[in-house]
Amino acid sequence: MLLLAVIWGLSIPITKLGLETIPPLTLTAMRFLVAVPLFLMLAAGRLRVPWRAVPSIVALGVMGITLGNVAQSFGVQGTSASAGTIISATIPIFIVIFAAVRLKQPVAGRQWFGLFAAFAGIALVAAGSGSGADEMSKTTAAGVIWMLVSAIAIAFYYIWSAELTQRYGTLPVAAWNALAGLVAILPLSGWEMAHTPVQITVQAVWAIVYLGVMVTVAGLLFWLYLLRAVPARVAASVQYLQPVFGIAAASILFGDPLGPMFAAGVVLILGGLALAVVNKRPAAEMAVPHE
C-alpha cells in the first residue's frame, strides 16, 4: 500500500517535469505508447471480447483514457504540482456521485456534507496556490477546471467500466481501453507537434517511462494485488496517502508555496473525501486505476 501510494502520489509532479519540454497532448500519447504494448502483453491470450462489447469499450477508452488523461495534462500544466495533486485526489468523490446515479446507491447526509466540504477545499487550494515561484508553480482557474474535468472523466470511466471488467476481465478491458484512447489521441498529438515545439530530453524520457510503466501499468497490478490481499476498504485508504507524497515531492522539486490557505484546503478536501467515501465500496472494488 505504501509503495502504491508513492507511485501514484508522484504522478502529478512527474507529469509536471515532462511538461517542461513536451506539450500536453504529446506527453499523454507518448505515455500510452509505452503502456499499451505492456497491457497487450499482460492480457495476451485473453484479449478476445464479443463484438457487442466493442462500442462500449471504445467509448470508455476515449472518455477515461483520452479525455481523462489529456485533461489531467492540461490541468497539471495550469496548476502547481501541489494543487494538481490534491485536486486529483477528489476522484473518489465523483465516484460516489456517479455510483448514486448509475448504481442507484443512496448518499447519506454526512456524505453530501463531505462533498461540499471537499469542493470548498478545492476553492481554497486554488486561491492559496495562485502565485508560485515561477510559471511552473502557478495555479490558474483554467488549470483547476481541467483538473476537475479529468477527475470527472476518470470517475465516470471507473463506474461505467465496472460491468465490462466483471464480464470480460480487468486486463483485457484495460488493454482495449488504453488502445482505443491512444488511437483517439494520436491525430491530436500529431497536430500539436506540428504547431508546438517538442524537445525530447533525458528528463522527459524518464517522465514518460515512469508514467507509462509505473503509474499506468504497475499501478494497476499493485492495485489488483491489494484488492485480493486486503479488504477493499483498507485498499482504498491508499487514496489518503497519495497527496502526502505528491505535495512533498512538489515542494522539493518546484518550491511550491504551502501557505495556511492551501493547508486549510487540503484538510477540507481530505476530510470531505473521508466522509464521502466511508462505507462506499464502488470506489475501491470497481475502479481500474488510471493515474
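Computed from heavy atoms alone, side chains included, the values below leave out hydrogens, waters and symmetry copies.
Between Gly64 and Tyr157, the closest heavy-atom pair is CA-CB, 3.7 Å. Scanning both residues, Met147 and Gln72, for their nearest heavy atoms gives SD-O, 3.7 Å. Closest approach of Leu220 to Ala174, counting heavy atoms only: CD2-CB, 4.3 Å. Residues Thr216 and Ala35 come closest through the heavy atom pair CG2-CB, 3.9 Å. Of all the heavy atoms in Pro13 and Gly246, the pair that sits closest is CG-O, 3.5 Å. For Gly61 against Ala180, the heavy-atom pair with the smallest separation is CA-CB, 4.5 Å.
Taking 4.5 Å as the limit, every side-chain heavy atom of Thr85 sits out of range of all side-chain heavy atoms of Thr79. Pro24 is not listed as a side-chain neighbour of Val70, based on a closest heavy-atom distance of 4.5 Å or more. You'll find the side chain of Ile14 reaches within 4.5 Å of the side chain of Leu17, heavy atoms only. Here the side chains of Phe245 and Leu2 are in contact, with some heavy-atom distance below 4.5 Å. Between Leu47 and Leu40 there is a side-chain heavy-atom pair separated by less than 4.5 Å. Using a 4.5 Å heavy-atom cutoff, the side chains of Leu182 and Ile185 are in contact. The shortest distance between side-chain heavy atoms of Val215 and Tyr210 falls below 4.5 Å. For the pair Leu164/Ile57, a side-chain contact is recorded, criterion being any heavy-atom separation below 4.5 Å from C-beta on.
Atoms CG and OG1, on Asn177 and Thr66 in that order, are 10.0 Å from each other to the nearest 0.5 Å. One finds the CG atom of Leu188 at 13.0 Å from the CE atom of Met193 (value rounded to the nearest 0.5 Å). Of the inter-residue distances, the one linking Met214 atom CE with Leu221 atom CG reads 10.0 Å to the nearest 0.5 angstrom. Rounding to the nearest 0.5 angstrom, the gap separating the CG atom in Leu211 from the CD1 atom in Ile7 is 12.0 Å. Of the inter-residue distances, the one linking Ser56 atom OG with Arg167 atom CZ reads 8.5 Å to the nearest 0.5 angstrom. Note: Arg48 CZ to Tyr168 OH = 13.5 Å, rounded to the nearest 0.5 Å.
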* To do: Mind running side-chain contact (heavy atoms from CB on, under 4.5 Å) on Arg46 and Leu171 for me, showing each step along the way?
  => CA-CA 8 Å; Arg46 293 175 288 169; Leu171 278 174; 3.5 Å; yes
* **Evaluation steps, side-chain contact (heavy atoms from CB on, under 4.5 Å), between Leu10 and Val6** => CA-CA 6 Å; Leu10 295 178; Val6 172; 4.0 Å; yes
* Apply side-chain contact (heavy atoms from CB on, under 4.5 Å) to the pair Gln199 and Ile22, showing each step before the final yes or no. => CA-CA 6 Å; Gln199 185 178 1; Ile22 300 178; over 6 Å; no
* To do: Show the numbers, then the answer: is there a side-chain contact (heavy atoms from CB on, under 4.5 Å) between Val205 and Thr201?
  => CA-CA 6 Å; Val205 170; Thr201 63; over 6 Å; no
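Put simply, Leu19 and Trp191 are part of two different groups of oily side chains (I, L, V, M, F, W, Y) that touch within less than 4.5 Å, one to the next. Under a hydrophobic-cluster definition in which Ile, Leu, Val, Met, Phe, Trp and Tyr are linked whenever side-chain heavy atoms come within less than 4.5 Å, directly or via other members, Val202 and Val198 are assigned to different clusters. The hydrophobic cluster containing Ile12 does not contain Ile252, counting ILVMFWY residues as joined when their side-chain heavy atoms lie under 4.5 angstrom apart, directly or transitively. At a threshold of 4.5 Å between side-chain heavy atoms, the hydrophobic network of Ile, Leu, Val, Met, Phe, Trp and Tyr places Leu27 and Trp206 in two separate groups.
Side chains of Thr28 and Ser73: a donor on one and an acceptor on the other come within 3.5 Å.
Of the residues Asn69, Leu25, Ile145, the one that meets the side-chain contact (heavy atoms from CB on, under 4.5 Å) test with Phe74 is Leu25.
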